[in-house]
Asker: 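Dumping the structure here so I can ask a few things about it.
The shown structure was predicted, so the numbers you read here are calculated from the model rather than taken from an experiment. The residues of the chain are indexed from 1 along the displayed sequence.
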Amino acid sequence: MVNRWLKHALGVDETINYKEEDVQTKINSLCPDGIDIYFDNVGGDILDLALANLPHKAHVVLCGGISRYNASGPVPGPANDFNLIFQRAPMQGFIVIDDAITELKQWLDQGKPKYADNIQQGFKDLPATLIRLFEGKNTGEQ
């Protein structure tokens with residue numbers, strides 16, 4: 001359902017469902033020459049796979065790291081970070097409040113971005129709503 005929504009509503013060319021597909025196999029199939037631009041808000045193993053599959057002068061943008069938010073012990077760093085040096089690929093952190101708010105507001109006013117909200121009602125449902133986020137049961141912004 002989410003893959004269909006991403007493709008048909010947002011115009012995404014391809015998707016990888018990390019819960020149902022072998023990510024490395026899918027990367028090899030969809031990006032045989034490597035991942036030119038990678039936007040990460042997951043971290044962990046998925047980021048590590050992306051870093052291992054960078055071509056020369058790729059770009060990596062880090063926006064979050066949900067894989068580590070509930071970690072109970074030390075979180076290992078990516079094992080493939082040296083590939084950034086080898087491929088001369090910059091990696092930069094990104095937080096929307098830094099400099100994108102103005103541009104995003106202009107785009108919203110123009111009706112350009114396509115997005116989905118997943119709204120849960122009621123304060124009593126707050127714990128279940130938070131759990132939905134970490135279980136991946138939301139589509140779009142939770």
Asker: May I ask you to decide if D48's main-chain N or O and N80's side chain share a donor-acceptor pair within less than 3.5 Å?
Answerer: yes
Asker: Does atom NZ of K57 have more than 12 heavy-atom neighbours, drawn from other residues, nucleotides or ligands, at distances under 6.0 Å?
Answerer: no
Asker: Check this for me: D45, atom CG, are more than 12 non-hydrogen atoms of other residues, nucleotides or ligands nearer than 6.0 Å?
Answerer: no
Asker: For M91 and L84, which heavy atoms make the closest approach, and how far apart are they?
Answerer: CE-CD1, 3.6 Å
Asker: Keeping Q87 on the side-chain end and N83 on the backbone end, is there a donor-acceptor pair under 3.5 Å?
Answerer: no
Asker: I'd like to know whether CD1 of I37 has more than 12 heavy-atom contacts from other residues, nucleotides or ligands below 6.0 angstrom.
Answerer: no
Asker: Measure the CZ-NE2 distance between F39 and H59 for me, rounded to the nearest 0.5 Å.
Answerer: 14.5 Å
Asker: Return the minimal non-hydrogen interatomic distance between A58 and P90, and the atom names on each side.
Answerer: O-CD, 3.2 Å
Asker: Find the distance between OG (S29) and CD (Q24) and round it off to the nearest 0.5 Å.
Answerer: 11.5 Å
Asker: Is Q110 atom CD crowded by more than 12 heavy atoms from other residues, nucleotides or ligands, each under 6.0 Å away?
Answerer: yes
Asker: Please name the pair of heavy atoms, one in K7 and one in T15, separated by the smallest distance, quoted to 0.1 Å.
Answerer: CE-N, 4.3 Å
Asker: Are D33 and P55 close enough that some pair of their side-chain heavy atoms sits under 4.5 Å apart?
Answerer: no
Asker: Atom OH of Y38 and atom CG of L54: how far apart are they, to the nearest 0.5 Å?
Answerer: 10.0 Å
Asker: I'd like to know if K26 and D22 make a salt bridge, using a cut-off of under 4.0 Å between side-chain N and carboxylate O.
Answerer: no
Asker: Is there a chain of hydrophobic side chains (I, L, V, M, F, W, Y, each step under 4.5 Å between heavy atoms) that links V75 to V60?
Answerer: no
Asker: Any idea which heavy atoms bring E21 and N17 closest together, and the distance?
Answerer: OE1-N, 2.6 Å
Asker: First locate atom CG of L6, then atom CD1 of I16, and finally report the distance between them rounded to the nearest 0.5 Å.
Answerer: 12.0 Å
Asker: When rounded to the nearest 0.5 angstrom, what is the spacing between CG in D81 and CG in L47?
Answerer: 9.5 Å
Asker: Looking only at non-hydrogen atoms, find the nearest pair between G43 and S67 and report the distance.
Answerer: C-OG, 3.4 Å
Asker: Kindly say whether D125 contributes a backbone atom to a donor-acceptor pair with the side chain of T129 at under 3.5 angstrom?
Answerer: yes
Asker: Is the side chain of D40 donor-acceptor paired with the backbone N or O of L62 at a distance under 3.5 Å, no angle test?
Answerer: no
Asker: Look at the side-chain heavy atoms of Ile, Leu, Val, Met, Phe, Trp and Tyr, link any pair under 4.5 Å apart, and say whether Y18 and I35 land in one connected group.
Answerer: yes
Asker: Strictly distance-based, threshold 3.5 Å: is any side-chain N or O of N53 a donor or acceptor partner for the main-chain N or O of L49?
Answerer: yes
